Amino acid sequence: MTKTPQNGVVTQPQTGWDVYLRLLSYVRGHWPMFIVAFAGFALYAGSQTAAAKWLESFIDAVESGNLDQRFWLALAILLIFFVRGIGTLLGNYGFSYVARAVVSRLRCQMFDHLLVLPCSFYQQHTSSELLSKLTYNVEQVTGAATDALKTAVREGLTVLGLFGYMLFLNWKLTLLFVAVAPLVGGVVALASKRLRRLSHGIQDSVGDISASASEAIKGYQVVRVFGGAESERARFNKASERNRRQFMKMVVTQSVTTPIIQMLVAAVVALLTFIAMSPALVASMSTGQFIAFISAASLMAKPIRQLTEINSTVQKGIAAAESFFQLFDEIPEKNSGSVILTDAKGRVEFRDVSFTYPKSESQALKNVSFFIEPGETVALVGRSGSGKSTLAGLLPRFYDVQQGEILLDDRPLSDYTLESLRNQIALVNQHVVLFEGTIAENIAYGALSGASEEAIRAAADAAMVTEFAERLPDGLNTLIGENGLLLSGGQRQRIAIARAILKDAPLLILDEATSALDTESERFIQTALEHVIKDRSTLVIAHRLSTIERADRILVMEQGVVVEQGSHAELLAQGGSYARLYNMQFNQD
Ligand code: ATP
Ligand code: MG
């Protein structure tokens, strides 16, 4: 799984071990708990070995008629189980504690990282894909970090303890186990590689499933009217089927591996039994030792089986962690400026700016030059796709220009810290974004959330939000549902305008801010906006020319180029594209 991130750097495929080590670095800060947990399972493993040793002592005592040991032997059982219980408790609690802490940190780190990734990242990944990472993949890491880790440590230590005891009893016989180890290792390694690849496939398919479902759900009206149900169903079924197949492949891999390894272990135990029962060997060991040895060997079968069984969980976790780390390695938005901008005067200048979207062939803006003096209003007009929104998006630095320079208060935008730059800008997007919550919360969103009730009300009044909010059951405190589902297009737009008014920033960008409004509301808002526009630099984008006639300057754009620049009267007098556009609309109206 080699992905090329937007910066063009190919991330090296990491080995499972690298990923595990990186995951382990998250344990830092939890070392004490980790050690306690480890010690707990060491106690558990020790008690298992002690049980084998107990068997030896018991049989030897019976055989030698040493019956006065019975008190100690009986007490030993209690002690062994007590220690085992304490060990299990410490181990389970400790590892769960650490694992949950790691998982929660991973999840929060992913979210934090999402908040600083550049716009271009969001264009290459769908929201469902990212959501499924946050939910499904996190679960996979949890599985590997909790149950699998517990089993690995507990059973791993048990195997080690039993193995050590067997070495102590008869090291030559025990070396037979060592002979089979590479074989077991080989099988596990092969299976791991395959499991991890399948797991990546499953993660992708889960992403596909949620993407397909979320589109069909969000676009349910279009799906019904345009007869999309069949193709949506086919797409969903395909993703679901792919998911099922990958899972089954995983189950097969898993189900084949475990018996193979068990057969290998059984073969060794069989061979052990055969050799151990040779007269020479039997003579050299006490009956107790002999039985304890064979029991220890067969006691190992269960932990070895469990260890191989968790392999799939571990591989799933590693594959999921890999996908996290890949995301963490994506480079955040460039934020190298150090100047903290406060109270900008609002002088904007574009100097010969050209811009191409990442992964796009053609330039979206070509040699654009213009300026906005503090307090001025500049309007952008031009046909759809001519680059107006692109131009506006460069000011808050959603993208950085490749050529030319954009200055704010006579300094390049990149000199300022991103946060302080964006603090100076209020923006009404072409696509209004609202959040789950009340109207008032949506107006006073984010950094504005401390705004006073009067301020919110004033903004709501100016943007004519009050006009429709009054008729809602709870006024401004009415819940508007996910993305403002319960509102009309024009109502949503008015909330966005109120948000911008409340922000009261020195720089205002209005992208088609009034397009969804009827002529009357538009006129009202126009009056309100004129009020707001007066003492700040404003960039307005609109199709309806009546809303921009009063701008200080109008830029006419065509295919990324500013073809005309001037006031309404000047441009009309020139008789160029603007005059043609104007006459066309004027005649229509
Ligand atoms: P409209 O009036 O329809 O809103 P616009 O003037 O705002 O149009 P832009 O959105 O700036 O147009 O788009 C300018 C050009 O850039 C278009 O050709 C469009 O295809 C392209 N474009 C826009 N967004 C992206 C993007 N994220 N990635 C690649 N190309 C894009
Ligand atoms: Mg646009």
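Bear in mind that the values here come from a model prediction, so they are computed numbers and not experimental data. Atoms within each ligand, like the ligands themselves, are counted from 1 in listed order.
Close N/O approach between Gly385 and ligand 1 is found [any backbone or side-chain N/O within under 3.5 Å]. The shortest N or O to N or O distance between Ser360 and ligand 1 is not below 3.5 Å. For Gly382, no nitrogen or oxygen atom sits less than 3.5 Å from a nitrogen or oxygen atom of ligand 1, counting backbone and side chain alike.
If you look at Met557 next to ligand 1, there are no close heavy atoms at all, none under 4.0 Å.
The distance from atom CD1 of Ile480 to atom CD1 of Ile495, rounded to the nearest 0.5 Å, is 4.5 Å.
With a 6.0 Å radius and a threshold of 12 heavy atoms from other residues, nucleotides or ligands, Gln559 has its CD atom at or below the threshold.
Between Lys316 and Gln203 the shortest heavy-atom distance is O-NE2, 4.0 Å. Closest approach of Asn477 and Thr438 over heavy atoms only: O-CG2, 3.4 Å.
Residues Tyr399 and Tyr357 bring their aromatic ring centres within 6.0 Å.
Closest to atom 2 (O) of ligand 1 among all protein heavy atoms lies Lys388 NZ, 2.8 Å.
Residue side and main chain included, Gln430 places an N/O/S atom under 2.8 Å of the Mg ion (ligand 2). Distances from the Mg ion (ligand 2) show that Ser389 has an N/O/S atom below 2.8 Å.
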